[in-house]
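The structure appears below as structure tokens.
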2 protein chains.
Amino acid sequence: MGRITIKDIARALDIHPSTVSRALKDHPDVGMETKAAVKQLALELGYSPNQQAIHFRHRKSGLIGLILPSINMFFFPSVIQAAEEEALRKGYKLLVFQSGESLEKEKQIAQLCLDFRLEGVLVSLSKESQDLGHFEELRERDIPVVLFDKVLQGEQLPLVRIGDARAARLAVRHLFSRGYQHLIGLFDNVNLDISQQRYYGFKQAHEQAGLQVRNDWCFFAEKAVDCHKPLVQLLDEHPEIDGLFAMSDELLAEAMRVMDKTDRSIPETFGVVVISDGRLPYYLQPKVTYIHHSGYEVGRQATALLFTLMKGGTPERSTIEVPVSLVSLESTRRK
Amino acid sequence: MGRITIKDIARALDIHPSTVSRALKDHPDVGMETKAAVKQLALELGYSPNQQAIHFRHRKSGLIGLILPSINMFFFPSVIQAAEEEALRKGYKLLVFQSGESLEKEKQIAQLCLDFRLEGVLVSLSKESQDLGHFEELRERDIPVVLFDKVLQGEQLPLVRIGDARAARLAVRHLFSRGYQHLIGLFDNVNLDISQQRYYGFKQAHEQAGLQVRNDWCFFAEKAVDCHKPLVQLLDEHPEIDGLFAMSDELLAEAMRVMDKTDRSIPETFGVVVISDGRLPYYLQPKVTYIHHSGYEVGRQATALLFTLMKGGTPERSTIEVPVSLVSLESTRRK
DNA sequence: TTGTAGGCGTTATCAT
DNA sequence: ATGATAACGCCTACAA
């Protein structure tokens, strides 16, 4: 047997479905007795409205989408957590997608979002995505899109991010202030705007301190593991190197693996700072000083902004910068 | 302007919507020219079928649900990853929910799954869930439910898990084999079946080795941090303790924080083994020997089983045990 | 106060 | 080969 519908109740009570519909939602002009009867029967039969039908009728879906490049263990889990909580609070459900860092797949997913009438979409871009046409199309169909974290600068889409350059500046300045001066910089894929921004901050901090960035000490890694060998070599060839900045937890993990095998010792002769969600730094030995970049907060704000847009309370263009803070731990605590 | 529909195409071509529908899906008895005309216009107008309507018509939704107690950083991210991949491969979309370890919320979510006509649901239970009535109801409505990881034994629902007792036995035997004999056991919430199973394995291994489990050295922690103080005290009061088994990454992280501050040294005078997804053990110092418990594999198999059930290829009752393996690292490598 | 009709977009089943 | 009709479950003018 299928589920109980409004029609079933109507039939049983020998009244019209529309009356049942109205009774169920306390429509003002509906008889007390009918209302009571309907409600009671609904309860007895365990009626619950078919949301699919309701949404179809209203040309809504009650769904929002979250498109991620892929699910790592450090940052995106908190984003999912925050987005799901916010969504449910507003009576929405969250669909999670992975583009697998592929533009093609990202486009397919965008199309899916259209076909399923998602009411809003949160996106952290794949590294292949330099053009946002597929998301512009969503916006044209009145489906708001909010970019976060992996974003593209200067596009027409609202976005939520940290002050990436600022975060990197903070990190590097902290290293300088503790006397580490010859720094390696580890960055994610070179196409990503956040890589560029953080590199820019890295550079700025150098200039402001009257120091030169050594570009040959900077890596833009496709995958974290790719920086392993270059790091080993670099540390070997340049004894003067005494510090490292990593723009993400993944890169830090890799770097620390390398550091384990060198004779440099942290923090005595080598300083380390990372931009992190704030978990990994505590697991490592020594605990690593980090710029806190909360995935939860980014996710929360991005989702909140999305709902604002969905309600038509349109700033239609806007950028939110989630604040960051320095947490100084052992990796830069030198005497 | 809304989206292009079949009707728009029909009107433009002055034919009937049903013909358009047929033409679009290459129905055999549709004129060559009409078919061509329809397809071309569809392309020009950028028509794409409204999935919501299609699913409504078919009383399907194209959605499966994944209900988690809450999203941590170690295990569930890989589960989400696997489930999303499998779902998309089969043309389904994945909804992610968090019960927040609350039975009440879990019930609400189960109801949501009904109301939205989800076609299948994967569940890792909250610690409050001792009764599965709310999921039985789903099954009665022909919505398959597969439990994984945090499951309840002996219920009528299909489930995917590792051999929990076996995993714990492996871990403890390994400790014994390296000469660590006086072990602490760290377990998650006492209500969870996996806690019980892993405790059981912990105990079995002791018995098989002719040793006594010290129940006062076993903790069932509500939250990982809760075992901090007891651990400190225990290590302090009982110098003979020379090893520790943690049933999860979270517990291990906490334990290692404590170990940092003691004078025991790993692996020389103290051995550690954990059941883990295989990431954290490499970040810690020294690297921790673990029983590999792959979230990705559990998620993949659970989703695959779900789809089998959804297709009606019903074993309707079944249990899958995902194999585990021992990865021996530094924390048990004593001379 | 309640019933009637029409439609959200699509398709299965008739009939033509 | 195509058109007409009805239905999925619900809602909302409008009519009575």
Side-chain angles (χ1 to χ4, degrees), chain A residues 1-39 41-42 45-63 91 112 114-119 141-142, chain B residues 1-39 41-42 45-63 91 112 114-119 141-142:
Chain A
M1 175 215 69
R3 296 187 48 179
I4 307 295
T5 75
I6 275 189
K7 285 185 187 173
D8 297 323
I9 300 183
R11 210 172 307 127
L13 259 44
D14 198 33
I15 57 178
H16 204 268
S18 55
T19 309
V20 176
S21 170
R22 282 182 286 234
L24 252 15
K25 54 183 41 168
D26 278 320
H27 191 92
D29 39 53
V30 115
M32 290 291 282
E33 319 105 44
T34 24
K35 207 179 275 190
V38 166
K39 285 192 174 175
L41 188 57
L45 298 181
Y47 168 80
S48 71
N50 180 332
Q51 295 298 331
Q52 209 191 0
I54 293 174
H55 282 116
F56 175 55
R57 168 94 227 280
H58 291 146
R59 301 154 133 188
K60 296 260 154 92
S61 66
L63 303 174
L112 271 185
L114 266 176
D115 296 344
F116 276 83
R117 281 222 148 81
L118 296 218
E119 297 182 39
R141 312 265 199 183
D142 290 322
Chain B
M1 176 216 68
R3 297 188 47 180
I4 307 294
T5 75
I6 275 188
K7 286 185 187 175
D8 297 323
I9 300 183
R11 211 172 304 127
L13 260 42
D14 200 32
I15 56 178
H16 203 268
S18 53
T19 308
V20 176
S21 170
R22 282 184 284 233
L24 252 15
K25 54 183 42 167
D26 277 322
H27 190 94
D29 39 51
V30 132
M32 289 292 285
E33 318 105 45
T34 23
K35 208 180 273 189
V38 166
K39 284 190 175 177
L41 188 58
L45 297 181
Y47 168 81
S48 71
N50 181 330
Q51 295 298 332
Q52 211 191 1
I54 293 174
H55 282 117
F56 175 56
R57 169 103 227 285
H58 292 145
R59 299 155 135 182
K60 296 259 152 94
S61 65
L63 302 173
L112 272 184
L114 265 177
D115 297 344
F116 275 83
R117 281 222 146 80
L118 296 218
E119 298 181 39
R141 312 266 200 184
D142 289 321

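So that the names make sense, note that chain A is the first sequence line, chain B the second, and so on, each numbered from 1.
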Less than 4.0 angstrom between a side-chain N/O of [X] and OP1 or OP2 of [N], yes or no?
X	N	answer
A/H16	C/dT4	yes
B/K7	C/dC8	yes
B/T34	D/dA1	no
B/R59	D/dG9	yes
A/Y47	D/dC10	yes

Which residue lies toward the 5' end of DNA chain D, B/M32 or A/S21, if each is placed at its nearest nucleotide? B/M32
Using a heavy-atom cut-off of 4.0 Å across all strands, would you classify [X] as base, sugar-phosphate, or nothing?
X	result
B/T5	sugar-phosphate
B/K25	sugar-phosphate
A/P17	nothing

For A/K60, is the NZ atom crowded, meaning more than 12 foreign heavy atoms sit under 6.0 Å from it? no
Enclosure of A/K39 NZ (heavy-atom neighbours >12, cutoff 6.0 Å): yes
Out of curiosity, B/R117 CZ to B/L112 CG, how far, rounded to the nearest 0.5 Å? 14.5 Å
Report the nucleotide, chosen from [options], that has the shortest atom-to-atom distance to any side-chain atom of [X].
X	options	value
A/D29	C/dT1, D/dA13, D/dT2	C/dT1
B/S18	C/dT2, C/dT10, D/dT5	D/dT5
A/R57	C/dT10, C/dT2, C/dG7	C/dG7

Please state how far atom [atom1] in [X] lies from atom [atom2] in [N], giving the value in whole angstrom units.
X	N	atom1	atom2	result
B/L45	C/dG9	CG	P	15 Å
A/L24	D/dC10	CG	C1'	11 Å
B/F116	D/dG9	CZ	C1'	14 Å
B/H27	C/dC14	NE2	P	13 Å
A/I6	D/dC11	CD1	C1'	8 Å
A/K60	D/dC11	NZ	P	14 Å
B/N50	C/dT11	CG	C1'	13 Å
B/H58	C/dT13	NE2	P	10 Å

Base of C/dG3, side chain of A/R22 - is there a donor-acceptor contact under 3.5 Å? yes
Is there a donor-acceptor contact under 3.5 Å from the side chain of B/E119 to the main chain of B/G62? yes
Are B/F56 and the base of D/dC8 stacked, counting only ring centres nearer than 5.5 Å and planes tilted under 30°? yes
Less than 6.0 angstrom separating the ring centers of B/H55 and A/F56, yes or no? no
So, are A/D115 and B/R3 salt-bridged, with charged N and O less than 4.0 Å apart? yes
